[in-house]
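A short worksheet on the structure shown next.
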2 protein chains.
Amino acid sequence: MARALGRIEHTEVSAGGKAEGILAAAKRAFLAAGFGAVSMDSIAREASVSKATVYAHFGSKEELFGAVIGRECERYFASFSAGELDPRDVRASLTVLGRRFLELVLSPDAIALHRIITGEVTRFPVIGEIFWRAGPERQRVQVEVLLRSAAASGALEFADPRLAAEQFISLVRGEIQLRQLLHLAPEAGQHEISVAVRSAVDTFVRAFQRRP
Amino acid sequence: MARALGRIEHTEVSAGGKAEGILAAAKRAFLAAGFGAVSMDSIAREASVSKATVYAHFGSKEELFGAVIGRECERYFASFSAGELDPRDVRASLTVLGRRFLELVLSPDAIALHRIITGEVTRFPVIGEIFWRAGPERQRVQVEVLLRSAAASGALEFADPRLAAEQFISLVRGEIQLRQLLHLAPEAGQHEISVAVRSAVDTFVRAFQRRP
DNA sequence: GTCTATACAGTGATAGAC
DNA sequence: GTCTATCACTGTATAGAC
């Protein structure tokens, strides 16, 4: 009984063992400061374990970094979906999808992830492809599916739906993501997101509406 | 005479004294590997001076880094210009401008600069604003000037020229820049750039051409 | 200003006891 | 598996001679 209590007290932060606690601490540290500015000492301290325990679970700093990045890529972008959209009202569907996209890629964690991946891709070439497959490529595919059904319903017409999906995403992203990446704006509010999405949808629909 | 010869031999790489040589070496090292992965030792070795000389000119690694970044931002983006364009042939003007834009931002040095700035902006907040003012903001202003004259000549019409300029740049950039940033493509060839610009101009003109 | 030599802190990683 | 203590090494930065 006393032992069980002791164990419960020991798993203060995370409920999934020490490996989870280490991953959580490493995630916070890496996303906040980058790879080079974080030490294994600080991660161990933050996770309330010794440095040797960190090395018992992850063979090196690089390995721990890779585990964190792969995990976060899957976690964040898995939530993006084009489901529950009405393909007949294409304007409303594009607006909802654009809003989901912007809310995701402008979230503080996604911005931090984007920063560290582009900053460290030279040292860890593999994380570029992991990020691309989990994020931008998956998003473009989802948009493309919606555009194809919109074309089938006759509302819009595309010579190249894949390219059109890419262009829609580019319009929605605009320059607002870059401003966030560069720390030029405090945070993107709901109003700002609404305005950006509406402008993008307007321009996109004008360009691709069926002509008589 | 012998002394002069000795001096000439000593300024092997750069013609502007040791500070220039140090800056050149630091630029190559930082752009290739990032801030954290570069040591002052390696910069001094590359510049053929001692480490103490580096510190005599730049008080710290951070100061040297800031000097390199500010310099390169100015150097690269200063070449972008919207001059010598015919505002009456708006399609041709947009194509030329889009090509200039893509050739600039997809150049290996610009990609490397973009990577390191977004990667280190958390540690050096000031470089975000330096980059923004020298690059994206200046480019958007140039595009906006062209769009206003195109609207005056009657070819296109814009409710918000500033927003339209932002959207044109977003369309031209597409996803090709991100693929370069993530090391997913070896390099952007002339053909790829031509295709990307043509698609962007097509969509943009369809969205903003004057309607009867 | 420039060099050689070095101080000093901090890093990633490991050995050995429990 | 986990800890304490320690290793070998590299990093930034500086002192002192010239």
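So you know, we letter chains A, B, ... as the sequences are listed, proteins then strands, and number each from 1.
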Under the ring pair (Phe, Tyr, Trp, His ring centres under 6.0 Å) test, residues paired with A:F65 that sit two or more places apart: A:F30, A:F35, A:F124
Listed in order of residue number, which residues of residues 54-67 of chain B have a non-hydrogen atom at under 4.0 Å from DNA chain D? B:Y55, B:S60, B:K61
Look at the side-chain N and O atoms of B:T53 and state whether any lies under 4.0 Å from the OP1 or OP2 oxygen of C:dG1. no
Selection residues 107-116 of chain B - residue pairs positive for salt bridge (Lys or Arg N to Asp or Glu O under 4.0 Å), sequence neighbours left out: none
Where at least one partner belongs to residues 118-130 of chain B, residue pairs that pass side-chain hydrogen bond (donor to acceptor under 3.5 Å, both in side chains), sequence neighbours excluded: A:T118-B:T118, B:E120-B:R123, B:E129-B:R133
Under the ring pair (Phe, Tyr, Trp, His ring centres under 6.0 Å) test, residues paired with B:F168 that sit two or more places apart: B:F204
Whole angstrom is fine here: how far is it from CD1 in B:I22 over to C1' in C:dC3? 13 Å
Sequence neighbours excluded - salt bridge (Lys or Arg N to Asp or Glu O under 4.0 Å) pairs with any residue from residues 50-69 of chain A: A:D41-A:K51
Residue pairs fulfilling side-chain hydrogen bond (donor to acceptor under 3.5 Å, both in side chains) with at least one residue in residues 159-176 of chain B, sequence neighbours excluded: A:T203-B:Q167, B:E175-B:R179
Start at the 5' end of DNA chain C and walk down; is the nucleotide closest to A:A37 or to A:A52 reached first? A:A37
In this structure, how many angstroms lie between the P atom of D:dC3 and the CZ atom of A:R45, rounded? 14 Å
Side chains of A:T95 and A:R198: is there a donor and an acceptor less than 3.5 Å apart? no
Expressed in angstrom and rounded to an integer, what is the separation of B:D41 atom CG from C:dA5 atom C1'? 13 Å
Pairing residues for B:A82 by the side-chain contact (heavy atoms from CB on, under 4.5 Å) criterion, not counting sequence neighbours: B:L85, B:L97, B:Q142
Over all strands shown, is B:S50 touching base, sugar-phosphate only, or nothing at heavy-atom distances under 4.0 angstrom? base
For nucleotides 7-9 of chain C, tabulate all protein N/O to nucleotide N/O atom pairs closer than 3.5 Å, reporting atom names and distance.
none

